[in-house]
Amino acid sequence: MEKTGIICNPMKGANTPVPELPEVECIVRSLRRCLAGKRIMEGQLISPAMLRGITEERFRERLVGKIVTDVKRRGKYIFFFLHEGSFLEVHLRMTGRFVYLPGDSGAGRHTRAVFFLQGGESLHFEDMRKFGTFRLWHKGEEANAASLQRGVDPLEERFDRDVFDKILKKRPRCRIKSLLLDQESIAGMGNIYTDEALFRAGIYPGKKAGSLEKEEKERLFQCICTVLQEGISKRGVSFSDYRDLWGGEGEYQDCLRVYRRRDKPCLLCGASISRTVVAGRGTYYCPECQKA
DNA sequence: CTCCGTGCCTGTGAGC
DNA sequence: TGCTCACAGGCACGGA
């Protein structure tokens, strides 16, 4: 293992995008490599307020001594499956991230929890804004966990053109951006990838879902898959080495075509990218390529 | 049904 | 220089 810590969320700084499906997927792949088969020797909760539905004491009781068998993702949720069948659900929200350290290093300013692992490594959960949440589920509770049931994850097998079409037909008067952001419909899309997918599909973010042409729906389906896959593969490349990652900032930014590019020229037509608010969120689009 | 505002948080940066 | 304040946004929730 590397001497330096592995930042499981490569994004840094206050202006950094919130982790969405591709970022969480990359984090999960790293976590799986680091944690699978390892026993949690001790747990320290610096901010117990992030726990949902369980006390700090019970949480530690149920986690300490358990072996992590696998780490999985669904939507933006991370799941640590434990040997006896229970599983820990983590949502990073805005600023949550995991840092894997080879030794027992002290908690930083934003460290909210520390897990000490068999072998001496430790896993820190850092979260500047304290929005992140931990929830512990019992064995067999998979069917009760909304995080595992609601919405369709775009990377799941069952997410196909028909399913996407049904989602749109169910909410015809909803603006397409709101629909893509709705985790009950599609699990994993956030503000960035939504804007990027809509730009690539040439669809105005405020357009009603029910008014999309067949061709637009087809393009949007394809573009959702494309931007998510591209996001994952770019992250994947950056993840190979901590120092490469740290020095190589900007690679991810270069891939974004509209997000936070207000007043910059559209890469397709040269028009100035606009910013508006849709679904209460900053929304970037090309007024020429994405006509209302 | 859909939208909108509020709360949860803290760091950043613009404006004065 | 130092202060205030808007802003960033995932999600839950209440109200229009």
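Below, chains carry the letters A, B, ... as their sequence lines are ordered, and counting in each starts from 1. FYI, side chains are in, hydrogens and waters are out, and symmetry mates aren't considered; it's all heavy atoms of this structure.
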Tell me yes or no: between the side chains of A/Asp127 and A/Thr95, is some donor less than 3.5 Å from an acceptor?
-> yes

Verify the distance criterion only: is there a donor paired with an acceptor across the side chains of A/Arg60 and A/Gln44 at less than 3.5 Å?
-> no

Examine A/Phe115 together with A/Phe80 and report whether their ring centres are nearer than 6.0 Å.
-> no

Is A/Arg93 touching bases, backbone alone, or none of the nucleic acid, heavy atoms closer than 4.0 Å?
-> base

A/Arg135 near the nucleic acid: base, sugar-phosphate alone, or nothing, with a heavy-atom cut-off under 4.0 Å?
-> nothing

Where the side chain of A/Gln183 meets the backbone of A/Arg150, is there a donor-acceptor pair that is under 3.5 Å apart?
-> no

So if I take every side-chain heavy atom of [X] and compare against [options], which nucleotide ends up nearest?
| X | options | answer |
| --- | --- | --- |
| A/Arg275 | B/dC9, C/dG10, C/dC7 | C/dC7 |
| A/Phe131 | B/dC8, B/dC1, B/dC3 | B/dC8 |
| A/Met94 | B/dC4, C/dG10, B/dG11 | C/dG10 |
| A/Cys174 | C/dG10, B/dT10, B/dC3 | B/dC3 |
| A/His110 | B/dC3, C/dA8, B/dT10 | B/dT10 |
| A/Lys130 | C/dG10, B/dC4, B/dT10 | B/dT10 |
| A/Arg260 | C/dA8, B/dT10, C/dG10 | C/dA8 |
| A/Pro172 | B/dC3, C/dC11, B/dT2 | B/dT2 |

